[in-house]
Protein chains: 2
Amino acid sequence: MGERLQRPKIDDVARRAGVSTATVSRTLANPEQVKPKTRDAVMQAVRETGYVLNVAARNLRTSRTHAVLAVVPDVSNIFFSQVLQGIAATLRPAGYSLIIADTGNDPERERDHADFVRAGRVDGLLLLNGRLLSAATGELAGAPTVSLCERIPGSGLPHVETANREAARAMTERLIEQGHRRIAYVAGPAANVLEHDRFAGYREALEAHGLPLDASLVRPGDFSIRAGEDAAHALLALPARPDAIFACNDAMAMGAIRALTAAGLSAPRDVSVAGFDDIEFAAAYNPSLTTVRQARTEIGARAAAMLVDLIEGRQPASREIRLPAEIVMRDSTRAR
Amino acid sequence: MGERLQRPKIDDVARRAGVSTATVSRTLANPEQVKPKTRDAVMQAVRETGYVLNVAARNLRTSRTHAVLAVVPDVSNIFFSQVLQGIAATLRPAGYSLIIADTGNDPERERDHADFVRAGRVDGLLLLNGRLLSAATGELAGAPTVSLCERIPGSGLPHVETANREAARAMTERLIEQGHRRIAYVAGPAANVLEHDRFAGYREALEAHGLPLDASLVRPGDFSIRAGEDAAHALLALPARPDAIFACNDAMAMGAIRALTAAGLSAPRDVSVAGFDDIEFAAAYNPSLTTVRQARTEIGARAAAMLVDLIEGRQPASREIRLPAEIVMRDSTRAR
DNA sequence: TGCAAAAATGTAATCGATTACAAATCGAAA
DNA sequence: TTTCGATTTGTAATCGATTACATTTTTGCA
């Protein structure tokens, strides 16, 4: 079917325009070095022949790919996918394409990606979850890399993140101001730096207001809806139940509200519930969710911009960006 | 910092193993052609030197990239992101990497991607939204391409899709069986093939059961939560309000439920509401959402597998796959 | 007009693999 | 031990661009 016709190469264009291949190459890459008249002739020939540069050849010669690899624990996760959008949107106008590796949360696979750089497949790395990077850090030596969402302790890697601690503290304080005294916390995975920061914020707020940190009010979780449900069930079984639940992401907050409903209670009437992230469905939830808004696309955009700077040898304005988050009070919490 | 040490190349390995570069190349690509003893020596040398093949060089020589481009209208959309996950999961073990182009729903950009193939940047294309492809179809001649989610009418392009019409019909029939008689439909964008099919299913079901198709019960929408709210508002303002609302995706169904709540009504007590997609948050919604479950990761996986077959010159088992969908009855609908 | 410097263009080496073809080695049968 | 065919390995051309360096053209100014 597809009569596989020969793609025109740079020689074809050169011949047609009556110039050398060097001139064609220059016209395409550095037009200002070429006399306008010649330039026009070349562009004309390009159009006539339908020439498209062979990327592999250029990559080989220049050892640059104009591609960036994003290592993502889970593309389908609503959080990461929005960060990716910010990345994609920034990379495109800068002339980079985006390669995505979904590691499926598998530590093994997260390691592989140093090879992407070494094989000359990409110019830089964007790590959406640094958890395991510490192991790979040595191997990355030299490869431009930016870490997102999670700071990698002690790695010195440039990164972009939300001010998680401050945000969690602010949210907890809002709950305290609303008159809540027994505020439960539903945690993320223990190894998660992000969880660590949020918990620290929660604790700080309690301390600052002279409230005790009651260990029975802190429940483990893993960011899933189900985990939120389980945690809420456990909390409701306590002799003295909490008057508020702060889940460290929105999915768990929704789970908690479901559990309340299932138990014949209601948020915010009986227990206030707050989340973290402000995912798309938080505002549409029933009740709409009080939460912390993170600028997810901006995180992606800033990280991508920083990476491009690194790749192109420019000194990025900053190697560490912390974006402020915003408290969004909605219907799932209420003053006591 | 990064002492940019020379990456070993195939000659280094060859020298170290005492063989020619041809043998090294063969050992890596077609080990069975090489005598076991030689093979071991080469592998040893590879390990010692830390050799990693230069992908650009191989691409140039073989004019194959082992990369695939997915053209996505919006990565951050929960629907697409899950399809992407299926794609990524299938591509990886097959040895392909995934490049993502987020077109931001911009017709202009969807066009650009034929160039990706022509520039030799990828071996094939996965189109998650064929809407505009018709325009580009000519240019793709020869490039392996699979369309997902939406069949591209008259393109003859291989594709994978959900049996939207059948599923929408089945859902509508379930609502009828539950005793609903005034079933409203909240549509997707008019140009959308997917919307077209779902609406056809809705209409078929009404006809089959002798129910009239009441134009005032069909409201426009664009798949957003907000559109669902607006549609429901309009429907509630009708002299005779519907007893069920079938929104052609979950986000709009959630919007409709919000609107009901805002109007002091409730789903399913006053109006039943059904969605389509069964996104992650459908089960966690309040009330949990009756919807149509599409196997999103499977759509992605099947399409990716088909594309790999096409790229590698194998005849795919089928050029048109329609995956059945499953009706999931939950709490947002109730028998009248 | 003549001449030096600047600008524009051309020649050809180069990036690092793959692979057609040739050469060498091996093994089995006679 | 030959000998022929099958296996294994090596040599070197090749993929299509970029770019250092050489050469030509243009420009500005005396």
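Only this structure's heavy atoms are used, side chains among them; waters, hydrogens and symmetry mates stay out. Letters A, B, ... mirror the listed sequences (proteins, then strands); counts begin at 1.
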Using distance only, find each side-chain donor-acceptor pair of residues 83-92 of chain B under 3.5 Å and give its atom names and separation, not counting sequence neighbours.
unit_1: B/Q85; atom_1: NE2; unit_2: A/D74; atom_2: OD1; d: 3.2
unit_1: B/T90; atom_1: OG1; unit_2: B/G86; atom_2: O; d: 2.9

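For the OP1/OP2 pair of D/dG10 and a distance below 4.0 Å, the side-chain nitrogens and oxygens of B/T23 include at least one atom meeting the criterion. Contact between the side-chain N/O atoms of B/K35 and the OP1/OP2 oxygens of D/dT8 is not found at any separation under 4.0 Å.
If you check C/dT9, C/dT11, D/dT11 against the side chain of B/S20, the one that comes closest is D/dT11. Picking from C/dG10, D/dG10, C/dG16 the nucleotide with the shortest atom distance to the side chain of B/V19 gives D/dG10. When distances run from any side-chain atom of A/A22 to the nucleotides C/dG10, C/dA8, D/dT8, the shortest one goes to C/dG10.
In this structure, CZ of A/R7 is placed 16 Å from P of D/dC15, rounded to the nearest angstrom. Summarising the geometry, the separation between CG on A/N30 and C1' on D/dT19 is reported as 10 Å, rounded to the nearest angstrom.
Every residue two or more places apart in sequence or in another chain was checked for a ring pair (Phe, Tyr, Trp, His ring centres under 6.0 Å) with B/Y51, and none qualifies. Every salt bridge (charged side-chain N to carboxylate O under 4.0 Å, His left out) that A/R302 has, sequence neighbours left out, goes to A/E298. Scored by the ring pair (Phe, Tyr, Trp, His ring centres under 6.0 Å) test, A/F116 finds A/H113 as partners (sequence neighbours excluded).
Within 4.0 Å of A/S25, counting heavy atoms only, lies at least one base atom of the nucleic acid. Note on A/S63: nothing from the nucleic acid sits closer than 4.0 angstrom, heavy atoms only.
Residue-to-nucleotide proximity on DNA chain C shows that, of A/P36 and B/R26, the 5′-proximal contact is made by A/P36.
For DNA chain C, the neighbouring residues in residues 43-61 of chain A, judged by any heavy atom under 4.0 Å, are A/L60, A/R61.
Each end of the helix from C/dT1-D/dA30 to C/dA30-D/dT1 gets its own rotation axis from five pairs of C1' atoms, and the angle between them is 30° to the nearest 10 degrees.
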